[in-house]
Amino acid sequence: MEYSQKVIEHYTNPQNVGKIEDASGIGEVGNPVCGDIMKMFIKVENNIIVDVKFKTFGCGAAIATSSISTEMIKGKTLEEALKLKNTDVVNSLGGLPPVKLHCSVLAEEAIHEAIADYYRKEGKLTEEEIKQKCSLKK
Amino acid sequence: MKTIYLDNNATTKTDEEVVKAMLPYLSENYGNPSSIYKLGRENRKAIEDAREKVANAFNCDSNEIYFTAGGSESDNTIIRGIAYSYKSKGNHIITSKIEHPAVLETCKQLEKEGFEISYVGVDEDGIINLNELKNLIRPTTTLITIMFANNEIGTIQPVKEIGEIAKQNKILFHTDAVQAVGSIKIDVKALNIDALSLSGHKFYGPKGIGALYVKQGVKFDKFINGGHQERNKRAGTENVAGIVGLGKAIELAYEDLEKHNEEIKELRDYYVEQVSKKIPYIKINGSMEKRLPGNSNISFRFIEGESLLLNLDLKGICASSGSACTSGSLDPSHVLLAIGLPHEIAHGSLRISIGKYNTKEEIDYVIDSLVEIVGRLREMSPLWEKFIEEEKK
């Protein structure tokens, strides 16, 4: 199994590691049994993600996908961030080994959960509307 | 950057003396050992000399040693060979839950072919349960196959007791000794071992060569059909250079066994002691007493093994992990699960296996690197954050 140069760059020097104390939204996905947990913190101002941080328990691919996806949504509107697909993350990383593709799905889910959490705290949308807008599984 | 090789349970650096012994058989001594002329006869003699060296290591006769392409082939050959040769007596085989895939997958294949397999469990140290083993025996049991020492956690099994149980019940006993050979003195007669597998590259010999000890009188079907090589059990022109290398490697391994073991064990104990002292929230996996001298297996809680390995690799350190991400599946190591480790702790395991070429300076460098990397990965881990918050309450 071999990682692309871009993946190596990101796990060697991950971007946006940490937490946001007064986060507008937090999304946590995965579970320790599978060996992957991603926690995403977003700071939203005027519908724009002005800051994003992450904490991840997982393999090199999990750390790299967390890192690059935070870069990809920073400065974007919530709608733009919700459009980010796991395949976009994989492409930006120059590909992932097949057994690691689930890490990119986790990154997409973490972003969606964090935005859903923001909408819940904002209180303008119903749970049904949030689920639809953020395409949540549950 | 200098490479610091601490994965000696995976493979070892070929000893220069071994390479020297092999070289003539990769150049001027190219004859076919089955040929009648001098060039052939010299090769035959080289093979038989190596066989003698292997036999000397185990206190057996040289006609009880068969050369194979490695540990996996030895395991496949003997387990399948005995299963089918003794099928009229019964179709039941006992193995353990912590075997190498070469044994487990062979047993699974036999299950598909109509054989019945029982898997004996292990305690939290990774030692098989002897009472359970006795209870698993049936009138139809033909073979017990249990490893000598485990490749992941280094646990040494009570081989003598297993041999006695097998003998009392007139069952054949095979042991996959791939990790043990070169680290432990093995007397197949004293231990009642009927068959034993070994691999050259685990004790500073070359890759692609292994051997099988099979006690005189034990029947087993041939594995590769063709010519009459290896007393008609394994066809194909012999890997002469590999065989010579294996012979030299086993001779060297047992010449200085105590000295090397002592030095290696000292380094291993120092590593485990320092890591325990400098890094909190770790778990040492496997027995510390009944253990291969160079093996260590430690779980670092709240972090994942593959990211640990990748970060060690960036510092030139070679090691391995039982994390799912390094096994190619979603489950962590079957061995770590069998000793009762929860998934999340098994995911954070690190195997450092020390060999005769390692130095104390290297171990110090690894310890310093680990302190830094584990700290950094924990800072990044949501599990660590949660744990610290709960600790504060």
Side-chain angles (χ1 to χ4, degrees), chain A residues 1-21 23 26-41 53-67 70 96-107 109-110 113-114, chain B residues 1 281 283 299-317 319-333 336-337 340-350 369 372-390:
Chain A
M1 190 185 69
E2 214 165 324
Y3 284 131
S4 69
Q5 195 52 43
K6 198 83 185 160
V7 175
I8 296 171
E9 266 172 48
H10 275 273
Y11 74 62
T12 308
N13 192 14
Q15 302 299 304
N16 303 314
V17 177
K19 65 192 284 191
I20 299 174
E21 291 298 343
I26 301 172
E28 187 174 328
V29 294
N31 69 68
V33 174
C34 304
D36 288 305
I37 301 179
M38 254 179 226
K39 197 170 180 182
M40 201 79 81
F41 304 81
K53 294 260 191 268
F54 79 90
K55 287 213 170 189
T56 290
F57 161 81
C59 62
I63 291 170
T65 53
S66 308
S67 169
T70 56
L96 275 179
V99 290
K100 301 290 188 181
L101 287 173
H102 71 276
C103 294
S104 63
V105 177
L106 224 51
E109 285 175 6
E113 287 290 346
Chain B
M1 188 170 48
Y281 312 112
K283 184 177 181 309
S299 284
F300 297 88
R301 290 181 63 196
F302 318 113
I303 64 173
E304 194 276 337
E306 193 213 69
S307 48
L308 185 53
L309 289 188
L310 292 169
N311 278 286
L312 287 169
D313 181 40
L314 293 170
K315 291 178 179 290
I317 301 166
S320 64
S321 169
S323 120
C325 283
T326 52
S327 74
S329 78
L330 286 177
D331 281 326
S333 138
L336 298 179
L337 295 182
L341 240 56
H343 276 68
E344 58 268 38
I345 295 181
H347 282 303
S349 70
L350 177 71
S369 302
E372 186 217 312
I373 295 167
V374 171
R376 185 149 43 82
L377 289 174
R378 279 181 177 166
E379 279 308 314
M380 208 189 278
S381 165
L383 290 177
W384 172 250
E385 183 190 343
K386 206 163 135 193
F387 175 78
I388 292 298
E389 275 167 13
E390 274 164 23

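In what follows, chains carry the letters A, B, and so on, assigned in the order in which the sequence lines appear, proteins first and then strands, with residues in each chain numbered from 1. The basis for the numbers below is simple: all heavy atoms, side chains too, and nothing from hydrogens, waters or symmetry mates.
- Looking at A/A62, there are no atoms closer than 4.5 Å to chain B (heavy atoms on both sides), in backbone or side chain.
- Taking the six-membered ring where the residue is Trp, B/Y281 and B/F302 present perpendicular rings, their angle passing 60° and hence far from 30°.
- Counting heavy atoms from C-beta outward, B/K283 and B/R301 have side chains that stay 4.5 Å or more apart.
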Query raised in the report: What's the verdict on side-chain contact (heavy atoms from CB on, under 4.5 Å) for B/L377 and B/F300, showing C-alpha distance, side-chain angles and the deciding distance?
Result: CA-CA 10 Å; B/L377 289 174; B/F300 297 88; over 6 Å; no
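- Side chains of A/H102 and A/D36: a donor on one and an acceptor on the other come within 3.5 Å.
- With chain B as partner, the option from A/T56, A/N31, A/T12 having the largest number of non-hydrogen pairs under 4.5 angstrom is A/T56.
- Considering only heavy-atom pairs separated by less than 4.5 Å from chain B, the leading option among A/P32, A/P14, A/G18 is A/P32.
- Looking at A/I37, the atoms closer than 4.5 Å to chain B (heavy atoms on both sides) sit in the backbone and in the side chain alike.
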